[in-house]
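This one's a predicted model, so the numbers in the text were calculated from it and none came from an experiment. Below, chain A is the first sequence line, B the second, and so on; all start at residue 1. Keep in mind that the numbers below use all heavy atoms, side chains included, and drop hydrogens, waters and symmetry copies.
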Number of protein chains: 2
Amino acid sequence: MGSITIKDIAKALNISISTVSRALRDSYDINAQTKQMVVEYAEKMNYRPNPIALSLKENKSRSLGVIVPEIANTFFSQAINGIEEVAYERGYHVVIFQSHESQEREISNIQHLFARKVDGLLISLSGSNKDISHLDEYRKNNFPIVYFDRVPETPDAHKVVVDNFEGAFKATEYLIQKGKKDIALIISPPTLSITQERTAGYKSALEKYNIPVREELIRHCSFQKDEAEQAIKALLEEQEPDAFFMGSDRLALNCYEAFKKWSNRRDIPLVGFTNLGIAHLLEPHLNTIVQPALDIGRKSAEILLDVIENKRRGKGFEKVTLGTELNFRS
Amino acid sequence: MGSITIKDIAKALNISISTVSRALRDSYDINAQTKQMVVEYAEKMNYRPNPIALSLKENKSRSLGVIVPEIANTFFSQAINGIEEVAYERGYHVVIFQSHESQEREISNIQHLFARKVDGLLISLSGSNKDISHLDEYRKNNFPIVYFDRVPETPDAHKVVVDNFEGAFKATEYLIQKGKKDIALIISPPTLSITQERTAGYKSALEKYNIPVREELIRHCSFQKDEAEQAIKALLEEQEPDAFFMGSDRLALNCYEAFKKWSNRRDIPLVGFTNLGIAHLLEPHLNTIVQPALDIGRKSAEILLDVIENKRRGKGFEKVTLGTELNFRS
DNA sequence: TTGTATGCGTTATCAG
DNA sequence: CTGATAACGCATACAA
């Protein structure tokens with residue numbers, strides 16, 4: 001286990017450290033025999049270059065930082081799966097942090113990550129973010145960052161998102177086509193990009209079918225359970241909605257639970273933006289708009305690594321929009 | 001962003017690098033004034049020691065490796081939460097890998113982790129493991145390892161588990177007290193520690209109530225969906241069980257789904273060993289035995305860090321057993 | 001083609 | 001009390 005170094009190899013083979021380094025690096029100017037000897041010996045001794053020494057030398061770590069609000073959330077854990085897949089394939093490893101929806105922790109995570117010299121950052125913004133000024137310093141210095149799912153407004157950023165507008169539009173349209181008119185929307189804090197886009201999709205569908213938008217049917221909730229419950233309860237008591245659209249992943253479950261607690265109406269259809277795998281097992285049924293989390297992760301990592309490795313010189317900022325998958329009961 | 005180094009400070013203050021280092025380290029023999037000057041300047045310039053340089057010097061990385069079968073699993077993501085909490089508190093960061101239930105990937109992860117010079121390893125073994133011979137090398141060298149949830153048999157290891165026997169016993173007893181006698185058990189591969197303990201708990205409960213164990217009611221399944229489905233279907237058709245005990249986390253959901261598909265009997269109670277947060281929302285109801293995942297993670301990390309930091313000299317190997325929480329509908 | 005020297009950021013040892 | 005120097009593992013410019 002006592003890891004072997006190029007120094008050990010050099011000593012054993014009676015050659016200089018640099019020769020060993022060159023042989024292993026396949027550098028120019030190296031005698032074929034010497035090279036073979038070194039490579040074979042290294043193989044035999046199971047030599048592995050010390051990544052820490054490399055990092056120190058090259059001032060990079062071959063690691064990517066990932067910040068998500070919460071790991072224990074199907075969408076994010078699936079996205080992380082995609083990120084890891086691509087990262088490991090390309091020789092990077094992944095350091096995961098959770099912001100727990102707190103901007104403060106997000107900032108602290110970012111500092112940690114930079115102290116650790118990650119080569120790039122993948123981030124889905126916390127729900128309590130006012131802005132991304134805490135990233136300004138890095139953005140100005142062209143530090144590689146890719147935002148996914150919850151992205152900032154600025155066009156000067158790489159982003160991977162789903163077509164939130166379309167997903168919300170389709171969901172609302174589905175409910176309208178079921179004859180519903182008073183469709184409640186429970187949605188994430190207005191600061192988030194997803195909130196705005198999904199709300200717009202919802203309103204646009206209503207407009208298409210000439211249904212007036214009732215602002216009192218729209219409620220913003222952060223991700224605490226009781227908030228969702230309050231919203232649902234108030235809506236049920238005050239507005240008598242004939243359908244519910246839960247516009248955000250974790251919110252969807254909290255809302256579903258609250259609905260089940262406060263209403264036994266089975267004629268009120270429920271639609272949620274969620275990657276929860278078990279929605280189809282629920283009674284009453286929860287129709288879902290599912291995000292291609294794995295692909296989001298993959299694509300984000302690909303862009304980030306391309307940026308890091310300078311494989312997209314001059315290409316400018318990219319925004320990738322993926323489609324959503326609709327699971328509606330016919 | 002261009003991180004400032006101890007060298008920059010020395011130059012700016014016209015003193016030597018070593019003096020700066022000492023001032024910052026609060027080492028012995030240092031003039032109070034000099035120290036103050038350095039500390040203030042470092043503060044002002046937002047100096048952060050380069051962890052990579054430290055790692056190289058000290059030959060450790062202040063990072064912990066974590067290997068779990070799957071992140072996108074409530075139990076494991078909760079456990080990781082606990083691990084991270086303790087790790088960050090004590091100044092370590094966490095590198096997470098997934099074995100995807102493959103021993104091959106587990107081995108590759110371990111190699112990766114060691115190349116990265118993690119200071120210790122937290123691992124929950126993959127379901128396809130034959131043994132832990134791939135860890136022998138590290139175990140022999142006293143490399144700090146803590147196993148959690150899915151642990152090896154050897155007593156020469158730190159382990160954090162739940163009382164699987166008791167949990168399974170209680171679950172079975174609950175079903176017996178509901179008047180059930182032909183209780184089917186669907187359980188993980190026999191190689192896993194959890195499998196053996198839970199099966200023993202199940203059998204012990206039957207014995208206590210003088211119900212003969214019918215081996216044909218016990219089915220082992222790995223974690224693929226169709227396997228669970230086959231098992232449930234076969235049991236329903238061939239054995240007519242009057243209750244189901246699903247003895248493993250991911251299995252539970254697959255089995256539940258299969259049961260719902262192949263049977264509409266609502267008089268057959270279901271109990272599952274699972275941390276799935278939404279069990280109470282399901283119809284038919286899924287009674288659960290919940291593992292204190294967060295605490296398992298916390299405790300594992302604590303032990304590991306104590307081992308790493310030599311805070312438990314001479315204490316020998318520790319096995320911590322935590323209780324399960326029962327969510328049975330009365 | 002190979003070896004020597006240097007530096008990445010830090011701490012520790014040894015002189016002064 | 002402070003400074004110079006070596007060392008951690010590696011890659012590389014320069015010298016031979």
Practice task
Could you pull out the closest heavy-atom pair between B:Thr191 and B:Gly127, with the gap in Å?
Solution key: OG1-O, 3.6 Å
Practice task
For A:Ser55, answer base if it contacts any base atom (sugar-phosphate contacts may also be present), sugar-phosphate if it contacts only those atoms, and nothing otherwise; contact means non-hydrogen atoms under 4.0 Å.
Solution key: nothing
Exercise for the section: Taking atom CD of A:Glu309 as the centre, report whether more than 12 heavy atoms of other residues, nucleotides or ligands fall under 6.0 Å from it. Expected result: yes
Problem - Between D:dC1 (C1') and B:Gln36 (CD): distance, integer Å - result: 17 Å
Problem - Salt bridge present between B:Arg90 and B:Asp306 (N-O < 4.0 angstrom) - result: yes
Completion exercise
Among the nucleotides D:dG3, D:dA11, C:dT10, whichever has the atom closest to the side chain of B:Lys57 is C:dT10
Exercise for the section: Could you tell me the separation between the CG atom of B:Asp8 and the P atom of C:dC8, rounded to a whole number of Å? Expected result: 10 Å
Problem - Carboxylate-amine/guanidinium proximity below 4.0 Å for B:Arg298 and B:Asp295 - result: yes
Completion exercise
Which of D:dG9, C:dG3, D:dC10 is nearest the side chain of A:Leu56? It is D:dG9
Exercise for the section: Figure out the NZ/P separation between B:Lys11 and D:dG3, and round it to whole Å. Expected result: 15 Å
Handout entry: Between P of D:dA11 and CD1 of A:Ile52, the distance in whole Å
Key = 14 Å
Problem - Euclidean distance, atom CD1 of residue A:Ile17 to atom C1' of D:dG9 [Å, nearest integer] - result: 9 Å
Fill in the blank from the handout: Shortest non-hydrogen pair, B:Val68 vs B:Phe148, comes out as CG1-CZ, 3.8 Å
Handout entry: Position toward the 5' end of DNA chain D (nearest nucleotide), B:Asn31 or A:Thr19
Key = B:Asn31
Handout entry: Touch class at under 4.0 angstrom, heavy-atom based, for A:Ile15 against every strand present
Key = sugar-phosphate
Handout entry: N/O donor-acceptor pair, side chain A:Arg22 with base C:dG3, under 3.5 angstrom
Key = yes
Handout entry: Under 4.0 angstrom between A:Tyr47 side-chain N/O and D:dC10 OP1 or OP2
Key = yes
Problem - Value in whole Å for how far the C1' atom of C:dA12 lies from CG of B:Leu24 - result: 16 Å
Practice task
Write down the distance between CZ (B:Arg62) and P (C:dT10), rounded to a whole number of angstrom.
Solution key: 15 Å
Problem - Nearest-neighbour nucleotide for the B:Ser18 side chain, C:dT10, C:dT2, D:dG3 considered - result: D:dG3
Handout entry: Spacing of B:Asn59 atom CG relative to D:dG9 atom P, expressed in whole Å
Key = 6 Å
Practice task
State plainly whether the residues B:Glu101 and B:Arg150 are in salt-bridge range, i.e. N to O under 4.0 Å.
Solution key: yes
Handout entry: Any A:Ser16 side-chain N or O less than 4.0 Å from OP1/OP2 of C:dT2
Key = no
Problem - A:Lys7 or A:Glu58, whichever maps to the more 5' nucleotide of DNA chain D - result: A:Lys7
Fill in the blank from the handout: Against the side chain of A:Thr5, the closest entry in D:dG9, C:dC14, C:dT4 is D:dG9
Problem - Nearest-nucleotide pick for A:Pro49, side chain only, options being C:dT10, D:dC10, D:dA4 - result: D:dC10
Exercise for the section: For B:Asn50, answer base if it contacts any base atom (sugar-phosphate contacts may also be present), sugar-phosphate if it contacts only those atoms, and nothing otherwise; contact means non-hydrogen atoms under 4.0 Å. Expected result: sugar-phosphate
